[in-house]
Every structure is written in C-alpha cells, then in structure tokens.
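In what follows, a structure is listed as structure tokens, so that the remarks can point back to it.
Predicted, not measured: the structure shown is a model, and the values here were computed from it.
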Amino acid sequence: MSVVFEPAGAPPLSAGAARIATPGDRPVATTSAARLLSGDAPVGAVRDRVVLIGLDASEGGAVELASGPVSHPQAQARIAARLLGGGVLARPAWTGYLEALAAMLLGAAAIMWAQRAAFWNALWLAGCFSALVVAGSYAAYALGGLLVDPAPGVFALFLGAFSVAGGRSLGAALTDDEARGGLQDALPADALTALRDGEGSQVLDGQRREITVLSCALELSREAQTRLDTRADDVVEALAHAVDALRAEIVAAGGAADLAGGARVDGYFGAPLERADHAQAAAAAALRLVEAMDRINAAVSGQLDGAAFRLSVGAAAGTCYVGPLRRGRRWRYAGLGAAADLAAFLRARTSAYGPAILCDDAVFRESNHRFAYLELDRTPPDANGARRPFYALVGNPFVKSSKRFRALDEAHRDMLTAYRERDAERASAALQRVRRSPGATIAVYDLYGERIAALRKSANAERA
C-alpha cells in the first residue's frame with residue numbers, strides 16, 4: 001500500500017491509499033548533510049536511526065501543513081512517525097453502507113416527527129440529532145481512528161424535516177389564506193382585523209368556549225305562501241336577499257354569522273374572539289334584527305306584492321365548540337354544542353308563544369338588568385329531569401324602565417305564580433289584568449288562558 005501525504009484542500013485519495021493525520025507541531029531532528037560530510041557533526045547523530053535525505057524548503061519546495069509550511073523530508077518524517085505510532089485512520093469498505101443506512105433511518109425518523117411537530121420544532125429536533133451524529137463521528141475518529149462521514153445523516157435529517165414540516169406549513173398557510181377569503185362575510189370587523197394582523201390562530205383554530213348563540217329563521221307569511229305556489233322564483237330570490245341581509249346585520253352587531261341552510265342564519269357572540277359581555281351583545285343584536293325586518297320586508301315587498309317574512313329568534317348561552325368548517329369550496333364558521341341545540345329549540349317555539357325572541361335562563365341572568373324580559377314557560381325535562389325557564393325578550397332599556405312594561409311585568413308575574421300554585425281564580429284575575437295592558441295580545445296569553453281553564457276544571461272535578 002502506498003503512503004500519500006494529503007495537504008489541506010487536496011482531491012480525494014485513490015483506491016488503496018491511506019489518509020494519515022499529521023502529529024501537529026511534533027519536532028523533527030534535522031542535521032545538515034554538509035556538516036556530516038565535513039566531519040563538523042558527529043556521526044553518532046544518525047547512527048541506528050532512519051534518515052530521510054532531501055532538500056530543505058528553500059531549495060526543494062515546501063508542503064503546507066495545518067501548522068505551517070515544512071520541507072518534503074520533514075513532512076515525510078512526520079508521516080513516518082505517525083505510522084510508527086499507529087496513526088493510520090481506518091475507513092473500511094463497510095463504512096459506506098453504514099452511512100447509507102444511517103441516512104435512511106435518520107431521514108425516516110425526521111419524516112415521522114415532522115408530521116406531528118411544528119415547522120421550527122421539527123428543524124430544532126433535526127439540529128439536535130445532527131449534533132449527536134457529528135459527535136458520534138468525532139468519537140469514532142478520536143477513540144478508534146475510524147473515519148465515518150456524518151454528512152449523509154445530517155443531510156437526511158434536515159431534508160426529511162424540512163420537506164414534511166415545510167410542506168405541511170405551506171399547505172396550512174394556503175388553507176389559512178383560503179379560509180380568510182371564505183370567511184370575509186361571516187366574521188365581525190375585530191376578527192377580520194386580527195386575521196390581517198397575523199393573529200389567525202385566534203380565529204381559525206377551533207376551540208371550546210363560552211358563547212351566546214342566536215338561531216334565526218325567516219318564515220313565510222300567508223300571503224308569501226300563496227305567492228310560492230305561483231311565483232316560486234320570486235319568493236326564493238326575495239328569501240335569499242332577506243337571509244343575506246340578516247347575516248350582514250349579525251356581523252355588523254359583532255357576531256360571527258353562519259348561513260345554516262334554507263331560511264336559517266345562526267349568530268355566535270363571544271367567538272371567534274372572546275368577550276365577557278357576549279350575552280348582552282347577543283340580546284342587543286336580537287332586538288336589532290327585529291327592527292331590521294321592517295327594512296328587509298320593505299326591500300323585498302316589490303317581489304312579493306306586499307307580502308312579508310316573519311323573523312323568529314332563539315338565544316341560548318353555554319359552552320360550544322366553534323371554528324371554521326369546510327364543505328367543498330365553501331367555508332363556514334359554525335358552533336356545535338348544547339347551547340346551539342337549545343337556541344334552535346327556542347326559535348322553533350316562537351310561533352306557539354308569540355314573541356319573536358325567546359331566550360334561555362343563562363342569557364336572562366346575564367342581561368336582564370338591561371333589557372325587558374317576560375318569563376314564559378319551562379323547557380321539557382332534560383336527562384336529569386330538570387326543567388329550565390325560558391323568557392321572551394321584549395324590549396331595550398327604555399322599554400324596561402317604562403311604566404307600561406312595569407305594570408305588565410307585575411301582572412304577568414302574578415299570573416305565573418298563581419298558576420304554578422294551582423290557584424285558578426287568582427291566576428285568572430291576573431290574566432285579565434295582563435290582557436288590559438298594551439302589547440299583551442301575544443299567543444302566550446291565549447295558551448295560559450287555556451291552561452288556567454283546564455286548571456279550574458280540574459279543581460272543580462276534585463271538589464265534586
């Protein structure tokens with residue numbers, strides 16, 4: 001095997017050559033040949049020694065080492081010393097297979113963790129494992145003189161982490177941009193501002209949160225129903241315009257809006273950005289929607305020949321899962337949970353009780369100090385047998401402070417108390433007082449009239 005000294009920057013060694021690490025600045029004894037020949041230097045200086053003969057650096061050229069330039073004989077002497085000290089670095093043929101295997105395993109590991117970790121976390125892990133690979137290569141060199149190239153493993157680590165985590169981050173970014181475009185008409189101004197300011201995680205990440213849900217629906221009046229039989233296209237177009245106007249009103253009031261299908265629109269207050277007064281904001285928005293119906297019906301009256309739509313709203317507060325939902329190319333911002341179900345239940349009961357807005361007890365507790373409410377009834381028993389009261393939202397703070405509402409509220413409370421105490425006579429008297437109040441023509445009082453009559457009949461039957 002030939003021995004080749006390889007200075008820094010030299011091309012790779014040919015087959016059968018050995019790579020030798022020079023021993024740094026180890027001194028090499030030199031003696032001038034002229035002094036030996038002239039007898040000025042003792043012959044004992046070279047007796048029983050290996051002597052390398054050659055020109056010095058000034059005459060025969062120099063070899064660049066890490067410690068500086070030396071003559072060819074000095075370089076060869078250092079190589080010989082290294083060989084005698086066992087300084088040949090080993091690189092068996094199997095090291096190439098080892099490097100290839102390490103590259104495959106480390107690349108596969110990087111792909112696996114990059115699928116779960118965020119982009120920068122994946123690169124950080126790749127850096128940590130790369131440091132371990134380099135340290136292992138150095139340990140093999142320092143302890144066993146074995147040359148193992150860490151570059152394939154390091155390259156595989158970063159390539160696997162970057163390709164998977166980077167691709168996933170790019171896909172998420174494209175999805176976020178698409179979601180931003182798809183939700184422009186569904187989110188309030190503060191949420192859109194958060195998106196523009198790079199706070200997309202607050203808006204686009206689904207999460208469980210305390211919110212208030214408005215379940216809104218438009219119902220056709222009798223006149224609109226007759227138009228549906230003969231002019232269905234006009235009715236459908238007018239309905240679509242009215243639903244879109246309701247959505248815009250919810251967004252303008254600070255809620256997220258979801259076109260839930262058909263003539264339904266759901267509003268979410270307290271999402272996507274948190275707000276402590278979500279129940280009060282939802283109550284104010286519900287009243288705003290009722291007022292907006294005059295404008296909406298006026299806008300579509302030409303298509304319906306004067307026919308109008310009726311709005312029904314159910315409101316409930318509680319914990320829901322809220323976030324963007326994608327169906328094909330369409331994006332929605334929707335909420336799922338018991339509060340959403342209860343809001344839909346109450347909205348479906350508005351025609352039976354009369355008022356346009358029905359609210360659960362959670363909304364009532366959070367906003368009754370500001371808005372005018374009347375307790376209507378209790379929900380059917382839930383799984384635990386509990387029945388929750390629900391209320392009609394009938395007015396803003398000015399209505400609540402009026403004498404007329406206070407008189408109606410007092411008579412209404414007396415009627416409910418007497419009915420629940422099964423006092424038919426006192427309940428009937430209170431109902432008569434209620435009916436004399438302005439605005440007491442809603443269906444709930446006809447309903448309680450029937451209930452009180454049934455209570456009186458039952459009491460008479462018991463006495464008989």
Side-chain angles (χ1 to χ4, degrees), residues 215-222 225 283 286 290 310-318 338-339 341-365 367-368 371-395 399-400 402-464:
S215 178
C216 311
L218 291 175
E219 301 174 4
L220 300 177
S221 64
R222 290 183 180 179
Q225 287 282 2
V290 172
R310 177 185 179 275
L311 174 67
S312 58
V313 180
D341 295 338
L342 181 55
F345 170 83
L346 295 176
R347 185 256 310 155
R349 300 301 182 275
T350 58
S351 58
Y353 288 90
I357 308 170
L358 300 188
C359 304
D360 74 338
D361 53 331
V363 175
F364 171 78
R365 286 194 304 270
S367 59
N368 74 90
F371 299 100
Y373 285 94
L374 293 174
E375 183 180 352
L376 296 185
D377 208 342
R378 292 173 180 168
T379 62
D382 59 17
N384 299 320
R387 302 182 65 190
R388 298 174 58 181
F390 59 88
Y391 303 80
L393 173 58
V394 296
V399 173
K400 181 178 178 63
S402 67
K403 292 183 179 179
R404 288 183 176 180
F405 174 75
R406 290 201 299 269
L408 172 62
D409 185 39
E410 181 181 359
H412 183 89
R413 289 171 183 268
D414 290 344
M415 180 196 70
L416 284 181
T417 301
Y419 173 74
R420 288 168 181 171
E421 292 176 353
R422 301 188 62 81
D423 188 339
E425 297 304 324
R426 186 158 63 92
S428 179
L431 178 60
Q432 295 305 316
R433 287 167 49 207
V434 167
R435 290 189 181 278
R436 290 194 293 269
S437 300
T441 58
I442 53 180
V444 66
Y445 295 121
D446 294 332
L447 177 63
Y448 272 98
E450 295 173 0
R451 291 179 178 180
I452 293 170
L455 178 62
R456 180 184 291 111
K457 183 178 180 180
S458 174
N460 290 337
E462 290 176 1
R463 285 196 295 268

Counting only heavy atoms not in [X], do more than 12 sit closer than 6.0 Å to its [atom1] atom?
X	atom1	answer
Arg378	CZ	no
Arg404	CZ	no
Arg387	CZ	yes

Out of curiosity, [X] [atom1] to [Y] [atom2], how far, rounded to the nearest 0.5 Å?
X	Y	atom1	atom2	result
Leu447	Ile442	CG	CD1	10.5 Å
Leu431	Leu416	CG	CG	10.0 Å
Glu375	Asn368	CD	CG	11.5 Å
Tyr448	His412	OH	NE2	6.5 Å
Leu358	Thr379	CG	OG1	12.0 Å
Ile452	Glu425	CD1	CD	10.0 Å

Mind listing the closest non-hydrogen atom pair of [X] and [Y] along with its distance?
X	Y	result
Ala356	Val290	CB-CG2, 4.2 Å
Leu408	Ser437	CD1-CB, 3.9 Å
Cys359	Leu393	SG-CB, 4.0 Å
Ala343	Ala316	N-CB, 3.8 Å
Gly318	Ala339	N-CB, 3.7 Å
Arg347	Ser215	CG-O, 3.1 Å

Legend entry - From CA spacing to verdict: side-chain contact (heavy atoms from CB on, under 4.5 Å), Leu376, Arg349: CA-CA 11 Å; Leu376 296 185; Arg349 300 301 182 275; over 6 Å; no
Hey, are the side chains of [X] and [Y] touching, using non-hydrogen atoms and a 4.5 Å cut-off?
X	Y	answer
Tyr373	Val363	yes
Leu218	Leu311	yes
Val434	Arg413	no

Inset, instruction - Test Thr350 against Arg310 for side-chain contact (heavy atoms from CB on, under 4.5 Å), laying out the working first. - result: CA-CA 11 Å; Thr350 58; Arg310 177 185 179 275; 3.6 Å; yes
Inset, instruction - Look only at the side chain of Lys400 and the backbone of Phe405, and say whether a donor-acceptor pair between them is shorter than 3.5 Å. - result: no
Inset, instruction - Spell out, as yes or no, whether a donor-acceptor pair under 3.5 Å connects the side chain of Ser458 to the backbone of Leu455. - result: no
Inset, instruction - May I ask you to say whether Asp446 pairs ionically with Arg435, meaning some side-chain N is under 4.0 Å from a carboxylate O? - result: yes
Inset, instruction - Determine, step by step, whether Asp377 and Val444 satisfy the side-chain contact (heavy atoms from CB on, under 4.5 Å) criterion, reporting the C-alpha distance in whole Å, the side-chain angles of both residues, the deciding distance to 0.1 Å, and the verdict. - result: CA-CA 9 Å; Asp377 208 342; Val444 66; over 6 Å; no
Legend entry - Whether Phe390 and Tyr353 hold their rings parallel, tilted or perpendicular, with breakpoints at 30° and 60°: perpendicular
Legend entry - side-chain contact (heavy atoms from CB on, under 4.5 Å) between Glu410 and Arg433, worked out: CA-CA 10 Å; Glu410 181 181 359; Arg433 287 167 49 207; 4.2 Å; yes
